[in-house]
Amino acid sequence: MAKIIVVTSGKGGVGKTTSSAAIGTGLALAGHKTVIVDFDIGLRNLDLIMGCERRVVYDFVNVINGEANLKQTLIKDKRVDNLFILPASQTRDKDALTKDGVERVLTELAKEFDFILCDSPAGIESGAMMALYFADEAVVVTNPEVSSVRDSDRILGMLSSKSRRAEQGLDGIKEHLLLTRYNPERVQKGEMLSVEDVKEILAIELIGVIPESQAVLNASNSGQPVIMDKDSDAGQAYLDTVQRLLGETVPFRFLTVEKKGFIKRIFGG
Amino acid sequence: MYNAAEAVIIIAKALNFMSEHSLELKGSLFPLSVLHCTDVSVSTLEPLLSAKLAQAPGFFYQAPIVLNLQDCQQVPDFVALKHLFVDLKLVLVGVTGASPTIKAAAQQAGLAALQAGKTTSAKTNEAPQAAVSPQQLAPSTMDSKIVEQTVRSGQQIYAKGADLIIKGAVGAGAEVIADGNIHIYGSLRGKAIAGASGDTSKRIYCFNMQAELISVAGNYWLSDSLQGEFWGKPACIKLQDDTLVISELV
């Protein structure tokens, strides 16, 4: 049975799409057949991050409206086996998604895939609600700053009241906290909330901490999920995150300020 | 017979006047137990009342009692009755349903003559076996609404006519409202409004006070006024002389 995971945050620009791309790729690398669904209708970004923007023919809305079938629409990743992308429509808006339509598409995807990753749009309107409604698990992407934490709190409230699981009285959505753009140096200076602060406020289980890294921007620009940059700190942190998502226990890294070596101290860097 | 669970709402006439000492008389509502009995002579009442009190020892200890004299024709011996109530550790505060003559005698004896708001169903003629069962005598406790998880930003919870108990935290931007007391076992970062229907005796308890707003019976403080000694600490908020008072929870 496929697991539906929503990647959500409430606030925009915190790294939902980057995280969706990285986690989806990581799950596929681990051998699980995975599809990443872009729910951000009208602001299609996932295809860029995944580097498949030139291969988009049909989109999610076409499938919902019956203008194309899934086979025609799904884009197979060229680098990683088992990885597929269902792109969003750029010409439509969020209202193009209907609950019935989304359910039909997800049910069909569930027959073939192990993991369905829903990349949610920002906000708490219908688009974001569609993305989280059918989820079994949620990755709540949060930056270590107060407005992002508050918006995540809001989304957590939605997850526990507006989802299918909540409405049908099933077990609640399993919630994971993914802290992105974490900068231990700035935390030490008191310019950023610490992991502990965020954990205390949101009171959900931590699944990963992604350090603020140049590698993320580089990856986005080159259309290569950052998790494939295995030498980068952000890439490694995403690999850890995927392992935890698969139930393994992995110690957290990149939480403290790196001690500068002798050479670095003299020459700066 | 005797129906202690019946409570009569007494409405004292509000009389507000100011003096240099700023004396205030305000109308309030109190639940009172009303005693019904066909025969209010000390000899009849004493064994019946003792037996009834023995069913729930301590429950009526020094309870204020109002005597319903609806079916009483003769003027009872109020002085003897007062002694009986003192002996039984009860406080006789007044009479209700009395005829003008009896009312006058009661007032002579220093008892208040009370006007029943809602008429209580007098069961004076029923047989003794129809007396109220101990279950029915149980105190009418206020309901509680219990929230097992954390209240997230944007959520609003209202406990109508009840206390509100929250096991988790109340997030920033969340609102918890109760007509009764509010207990929060996590952090309070949002708004908490107790005594929402105007009950000034209600309180807010929280394990970690970082509230955006706290209010008891319409008196409120914003986060700005809450900074200081009790910020981030376990705290109790109550209303005292129309002013909110925060104290530490020990």
Side-chain angles (χ1 to χ4, degrees), chain A residues 6 8-12 14 120 122-126 128-129 132-133 135 138-163 165-167 169-177 190 193-194 196-206, chain B residues 145-160 162 164-178 182-193 204-214 222-228 230-235 248-249:
Chain A
V6 60
T8 184
S9 71
K11 193 166 158 44
V14 294
S120 170
I124 52 170
E125 287 75 35
S126 68
M129 290 303 109
L132 68 79
Y133 186 75
V139 173
V140 180
V141 183
T142 307
N143 285 171
E145 48 101 15
V146 283
S147 57
S148 174
V149 172
R150 179 177 295 187
D151 292 359
S152 294
D153 199 39
R154 182 93 166 99
I155 276 292
L156 284 164
M158 299 280 188
L159 287 169
S160 59
S161 61
K162 297 273 158 66
S163 62
R165 282 175 170 271
E167 281 178 8
L170 305 169
D171 287 347
I173 291 177
K174 203 168 164 193
E175 299 152 344
H176 308 281
L177 171 63
L193 294 174
S194 72
E196 297 311 317
D197 291 340
V198 181
K199 261 171 78 180
E200 209 257 324
I201 296 173
L202 294 180
I204 55 170
E205 173 232 355
L206 185 68
Chain B
K145 185 183 176 96
I146 300 173
V147 177
E148 294 283 345
Q149 69 279 23
T150 287
V151 184
R152 302 287 182 186
S153 184
Q155 290 181 318
Q156 199 180 45
I157 290 180
Y158 175 38
K160 191 176 164 52
L164 180 55
I165 300 168
I166 292 154
K167 245 174 89 181
V170 176
E175 279 180 33
V176 289
I177 305 164
I182 299 178
H183 305 256
I184 300 160
Y185 290 93
S187 303
L188 168 59
R189 297 194 189 83
K191 298 179 182 173
I193 296 157
I204 300 167
Y205 299 89
C206 60
F207 195 69
N208 184 331
M209 204 272 301
Q210 303 173 38
E212 286 174 350
L213 176 144
I214 49 163
L222 288 170
S223 172
D224 269 355
S225 335
L226 295 169
Q227 307 291 329
F230 300 104
W231 190 254
K233 299 239 170 62
E248 205 168 341
L249 266 186

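First the proteins, then the strands, lettered A, B, ... as listed; each starts at 1.
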So how far is it from B:Ile182 CD1 to B:Ile214 CD1, rounded to the nearest 0.5 Å?
10.5 Å
Could you list every donor-acceptor pair linking chain A to chain B (distance under 3.5 Å, backbone and side chains)?
from, atom 1, to, atom 2, distance (Å)
A:Asp153, OD1, B:Arg152, NH1, 2.9
A:Asp153, OD2, B:Ser153, N, 2.8
A:Gly157, O, B:Gln155, NE2, 3.4
A:Glu200, OE1, B:Arg189, NH2, 2.9
A:Glu200, OE2, B:Arg189, NH2, 3.4
A:Leu202, O, B:Arg152, NH1, 2.7
A:Leu202, O, B:Arg152, NH2, 3.0

Write down the atom of A:Ala122, the atom of A:Ala128, and the distance for their closest heavy-atom approach.
O-CB, 4.4 Å
Residues forming a side chain to side chain contact (heavy atoms under 4.5 Å, CB included) with B:Ala174, sequence neighbours excluded
B:Val151, B:Val170
Chain A heavy atoms under 4.5 Å from B:Ala169: which part of the residue, side chain, backbone, both or neither?
neither
Spacing of A:Ile204 atom CD1 and A:Leu177 atom CG [to the nearest 0.5 Å]:
4.5 Å
Considering the options B:Ile193, B:Ile184, B:Val147, which one meets the side-chain contact (heavy atoms from CB on, under 4.5 Å) requirement together with B:Val176?
B:Ile184
Please indicate whether B:Phe207 has more than 12 foreign heavy atoms, meaning atoms of other residues, nucleotides or ligands, lying under 6.0 Å from its CZ.
no
